[in-house]
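These numbers come from the heavy atoms of this one structure, side chains and all, not from hydrogens, waters or symmetry mates. The structure presented is a predicted model; accordingly, all values stated were derived computationally and were not measured. The sequence lines fix the lettering, A, B, ..., with proteins before strands; numbering per chain opens at 1.
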Amino acid sequence: GAVVSQHPSWVICKSGTSVKIECRSLDFQATTMFWYRQFPKQSLMLMATSNEGSKATYEQGVEKDKFLINHASLTLSTLTVTSAHPEDSSFYICSAFPGQGAKNIQYFGAGTRLSVL
Amino acid sequence: GNSVTQMEGPVTLSEEAFLTINCTYTATGYPSLFWYVQYPGEGLQLLLKATKADDKGSNKGFEATYRKETTSFHLEKGSVQVSDSAVYFCALSDQGGGNKLTFGTGTQLKVEL
């Protein structure tokens, strides 16, 4: 089946530093990738939608200058949390959509737990 | 806007018990409905889906029927196993899988021997 790899799975950083999270579709090309954020005991909240070669579309309330998304190729999207602060600590999950087809669904990575000290 | 409400967990059942996890939704138009499952340490996996009213999605013994009249998509399984222990998310999208998903809060299921 379609595999999405997310790296790193867990990162701890100091306040004020930047952290980059990678999301790769290993065996398919993703026309669209999505980035979600999940707080403990809460739902996944969509942060942004990215299409290869174009600027990401951010959901209302998500700071685009803080959460930089780069969708450089059809198999890789990155989320950079700039100048991270403790309130950015969360679980970040990406998904990749291969396009209209037999399954027409998103495939999810295992998530990245970010802890900002 | 769209929203999904699902029952809070954790739900603890004995093996071979009947499972129901309730899910109701609010959406304009005719959304597609999904159940995703997240096993410990893994990403979300699609469990089943339904794209129109009265459709029944099924997989691995799990079933859910798209009920437009009650705006519900309850997940059921006749006999759960320990290996079904996971977090289950109900979700919807406006048009198929390529559009953004709106998730419920997730329901943790624990199945004990």
Side-chain angles (χ1 to χ4, degrees), chain A residues 1-10 21 23-26 28-52 56-62 91-113, chain B residues 1-11 21 23-27 30-52 55 57 59-60 64 86-110:
Chain A
V3 177
V4 174
S5 172
Q6 195 171 334
H7 178 81
S9 57
W10 194 4
I21 302 169
C23 180
R24 293 181 184 272
S25 54
L26 297 186
F28 66 96
Q29 293 184 327
T31 58
T32 307
M33 287 187 171
F34 301 86
W35 287 95
Y36 296 84
R37 183 173 180 177
Q38 185 181 25
F39 291 101
K41 310 249 183 239
Q42 294 188 29
S43 178
L44 282 76
M45 301 299 295
L46 180 67
M47 300 175 66
T49 302
S50 73
N51 293 291
E52 185 262 341
T57 302
Y58 289 81
E59 294 298 300
Q60 191 173 10
V62 178
F91 195 57
Y92 294 88
I93 303 172
C94 73
S95 72
F97 179 66
Q100 303 293 334
K103 292 201 171 180
N104 193 22
I105 62 172
Q106 296 176 32
Y107 296 91
F108 285 80
T112 297
R113 185 164 303 284
Chain B
N2 296 339
S3 67
V4 176
T5 302
Q6 62 181 106
M7 60 190 290
E8 290 189 21
V11 173
I21 300 178
C23 171
T24 57
Y25 67 90
T26 302
Y30 301 92
S32 294
L33 302 175
F34 306 82
W35 276 101
Y36 280 85
V37 57
Q38 185 177 32
Y39 298 103
E42 299 183 18
L44 277 73
Q45 301 172 27
L46 179 68
L47 182 59
L48 52 84
K49 68 174 185 176
T51 57
K52 61 183 187 296
D55 267 2
N59 185 26
K60 299 181 182 179
V87 181
Y88 292 81
F89 291 91
C90 185
L92 68 82
S93 72
D94 281 334
Q95 303 167 22
N99 290 277
K100 67 177 185 179
L101 290 163
T102 300
F103 285 90
T105 53
T107 302
Q108 184 175 12
L109 170 66
K110 297 180 182 178

Quiz item: What part of B:Gln108 gets closer than 4.5 Å to chain A, counting heavy atoms only: side chain, backbone, both or neither?
Solution: neither
Quiz item: For A:Leu44, is it the side chain, the backbone, both, or neither that has a heavy atom closer than 4.5 Å to a heavy atom of chain B?
Solution: both
Quiz item: Under 6.0 Å from the CD atom of B:Glu8, do we count more than 12 heavy atoms belonging to anything else shown?
Solution: no
Exercise. Calculate, to the nearest 0.5 Å, the distance between atoms NZ and OG1 belonging to B:Lys100 and A:Thr32 respectively.
Key: 13.5 Å
Quiz item: So how far is it from A:Ile105 CD1 to B:Tyr36 OH, rounded to the nearest 0.5 Å?
Solution: 5.5 Å
Self-check item: Spacing of B:Phe103 atom CZ and A:Gln38 atom CD [to the nearest 0.5 Å]
Solution: 9.0 Å
Self-check item: Interchain contact, A:Phe39 with chain B, by part (heavy-atom threshold 4.5 Å)
Solution: neither
Quiz item: Any sub-3.5 Å donor-acceptor pair from B:Thr105's side-chain atoms to A:Ser43's backbone N or O?
Solution: no
Quiz item: For B:Leu44, which of A:Phe108, A:Tyr107, A:Tyr36 qualifies under side-chain contact (heavy atoms from CB on, under 4.5 Å)?
Solution: A:Phe108
Exercise. Go through A:Gln106 and B:Phe34 one step at a time and tell me if the side chain to side chain contact (heavy atoms under 4.5 Å, CB included) criterion holds.
Key: CA-CA 11 Å; A:Gln106 296 176 32; B:Phe34 306 82; over 6 Å; no
Practice problem: Verify the neighbour count for atom CE of A:Met45: are there more than 12 heavy atoms of other residues, nucleotides or ligands below 6.0 Å? | Solution: no
